[in-house]
There are 2 protein chains.
Amino acid sequence: MSRANAGTKGVPRADRELQILRAACEVFGTMGFAKASVAGIAADAGISKPLVYQYFGSKEGLFLASFNYGAETLAAEMERVAADDSVGVERGLHTLDGLFRTLEPQPWLWRLLFDPSAPDDGEVAAARAVYTDRITRLAVEGVGELMRLVGDDDPLDASALTAVWMSAVDALITWWLDHPGVTPTQMTERCHRLIIAISGAALPAELPAEGGVRRQAERSSLRA
Amino acid sequence: MSRANAGTKGVPRADRELQILRAACEVFGTMGFAKASVAGIAADAGISKPLVYQYFGSKEGLFLASFNYGAETLAAEMERVAADDSVGVERGLHTLDGLFRTLEPQPWLWRLLFDPSAPDDGEVAAARAVYTDRITRLAVEGVGELMRLVGDDDPLDASALTAVWMSAVDALITWWLDHPGVTPTQMTERCHRLIIAISGAALPAELPAEGGVRRQAERSSLRA
DNA sequence: CAGGGATATGACCTTTGAGTAAGTTACCTC
DNA sequence: GAGGTAACTTACTCAAAGGTCATATCCCTG
């Protein structure tokens with residue numbers, strides 16, 4: 001009588017796993033690994049905590065499964081776009097377009113990929129390394145093409161621009177998440193306009209000197 | 001005899017506060033609010049945990065003080081640059097230059113500003129709102145000038161580009177943190193080249209159609 | 001229809017880290 | 001030099017969340 005609701009409900013393991021995984025993706029992607037609680041995910045999935053542990057072993061194991069699902073979905077989409085023959089900025093826009101469309105039904109997958117609160121060791125770190133490599137490779141390739149186009153062959157420049165590009169993608173997706181109702185098509189068009197705006201803004205060939213005299217950062221009030 | 005090392009060491013409160021604050025800024029900025037432990041910060045500062053609580057009240061209070069210090073330092077620098085008369089891309093580069101120089105001695109201050117694991121309510125949230133407003137205002141202003149320069153007057157475009165710009169700043173600083181030995185001056189020059197590269201890459205006036213047929217995201221393996 | 005295995009749970013154990021109580025030492029003032 | 005106050009510590013409490021245990025129900029097979 002103490003374990004009142006115990007006993008099987010006849011749902012096969014594969015179904016439950018999917019059910020748990022869906023809830024986990026949303027919670028981990030929305031709140032991040034650290035703030036998410038296994039009990040909360042179990043509640044969202046409509047089952048109890050021990051079942052999660054029985055099927056996924058640990059919080060880390062559950063996150064790993066969620067991460068793998070999300071990362072695979074997104075990496076596959078990016079590779080699909082990369083296989084096309086567009087180059088430079090156009091390739092970048094196609095990638096964004098593909099991501100917007102892939103993320104539309106489950107936008108939180110994106111956050112899963114770059115969760116700073118996820119454990120940085122063990123299997124999770126290994127999986128992240130695999131997918132980061134896979135995605136960074138694509139970005140490096142695209143940026144490399146662009147740099148070749150304009151005659152800049154400094155490898156550190158390419159590395160930095162890759163970082164900027166990936167971060168810009170992140171920012172655009174985040175902005176999109178914050179503006180519900182904007183369709184993927186509208187977002188892609190917006191990105192197109194933004195690129196044109198940046199390209200169009202004139203820039204002096206030589207940068208005027210700056211940063212000579214420097215104040216010491218003022219000793220601001222320490223307390224609130 | 002039980003409290004062997006107790007008793008004052010004659011260090012005045014203001015000195016200790018500064019000492020604790022320095023350690024806190026580095027730890028919070030490096031590991032983030034959630035992963036940081038008060039005991040760890042106390043150890044780094046060379047004192048014991050209760051003294052931290054006596055002077056700062058709570059972990060949140062300590063973070064708030066750290067945040068205010070870092071945010072004030074950086075906001076002041078950005079406002080200083082904004083007061084100059086450069087516009088568009090040039091203004092952006094000057095802002096980056098100022099940030100690189102300000103962050104050189106204490107790079108972790110940057111991470112403090114955008115810590116996703118920081119509490120999102122209470123005084124910390126209020127302080128973040130204040131500084132986010134202050135900094136975003138500058139970015140919006142700069143982006144607005146640029147958009148006017150190129151004739152794009154869609155306010156949502158400006159909003160999105162602001163997000164991209166702030167994220168690009170973040171990416172460049174992060175990249176810089178990952179490449180020790182690169183001087184602020186070298187970084188500013190690199191940013192200059194990157195802008196030129198992006199501007200220089202040709203772009204078709206009309207975007208080729210993309211995103212028609214869509215595969216369903218494949219049902220990838222659920223487990224690791 | 002006996003029993004083994006898969007599905008399921010309430011109650012528990014354990015660890016971690018925020019926060020506190022209470023005592024100790026030094027200095028400063030009268 | 002008595003006593004008040006500021007500086008400082010050890011040793012604790014407590015809550016939250018990860019993880020486990022013992023048990024309950026169902027279904028399938030011989």
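This one's a predicted model, so the numbers in the text were calculated from it and none came from an experiment. Just so it is clear, the values below take in all heavy atoms, side chains as well, and ignore hydrogens, waters and symmetry mates. Chain letters run A, B, ... following the sequence lines, proteins first and then strands; every chain starts at 1.
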Separation of atom [atom1] in [X] from atom [atom2] in [N], rounded to whole Å:
X	N	atom1	atom2	value
A/Tyr53	C/dT9	OH	P	15 Å
A/Ile20	C/dT7	CD1	P	11 Å
A/Asp15	C/dA8	CG	P	9 Å
A/Asn5	C/dT7	CG	P	19 Å
B/Gln19	D/dC8	CD	C1'	13 Å
A/Glu17	C/dT7	CD	P	9 Å
A/Phe63	D/dG18	CZ	C1'	16 Å

Kindly point out which of [options] is positioned nearest to the side chain of [X]?
X	options	result
A/Ser37	C/dG19, D/dT20, D/dG18	D/dG18
A/Pro50	C/dG19, C/dT7, C/dT9	C/dT9
B/Leu51	C/dG10, D/dC8, C/dT20	D/dC8
B/Ile47	C/dT9, D/dT9, D/dG19	D/dT9
B/Lys9	C/dT9, D/dA11, D/dC8	D/dC8

Taking the side chain as every heavy atom from C-beta outward, state whether [X] and [Y] have any atom pair closer than 4.5 Å.
X	Y	result
B/Arg16	B/Gln19	yes
B/Arg101	B/Thr185	yes
B/Ser117	A/Ser117	no

>> For A/Arg193, is the CZ atom crowded, meaning more than 12 foreign heavy atoms sit under 6.0 Å from it?
In response: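 Buried by this count: over 12 neighbours within 6.0 Å.
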
Between [N] and [X], is there an OP1 or OP2 to side-chain N/O distance shorter than 4.0 Å?
X	N	value
B/Lys49	D/dT10	no
B/Lys59	C/dA18	yes
A/Tyr55	C/dT7	yes
A/Arg16	C/dA8	yes
A/Thr8	D/dT25	no

>> Is there a salt bridge (charged side-chain N to carboxylate O under 4.0 Å, His left out) between A/Glu141 and A/Arg91? Walk through the geometry before answering.
In response: CA-CA 11 Å; A/Glu141 187 183 301; A/Arg91 171 168 168 179; 3.1 Å; yes

>> Taking the nucleotide of DNA chain C with the nearest heavy atom to each, does A/Pro12 or B/Val38 sit closer to the 5' end?
In response: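 On the 5' side of the pair lies A/Pro12.
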
> Hey, which of these two, B/Gly46 or A/Ala39, hits DNA chain D nearer its 5' end, going by closest nucleotide?
Replying inline: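 Counting from the 5' end, the first nearest nucleotide belongs to B/Gly46.
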
> With a non-hydrogen cut-off below 4.0 angstrom, is B/Ala36 in contact with a base, only sugar-phosphate, or nothing?
Replying inline: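 Touches sugar-phosphate only.
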
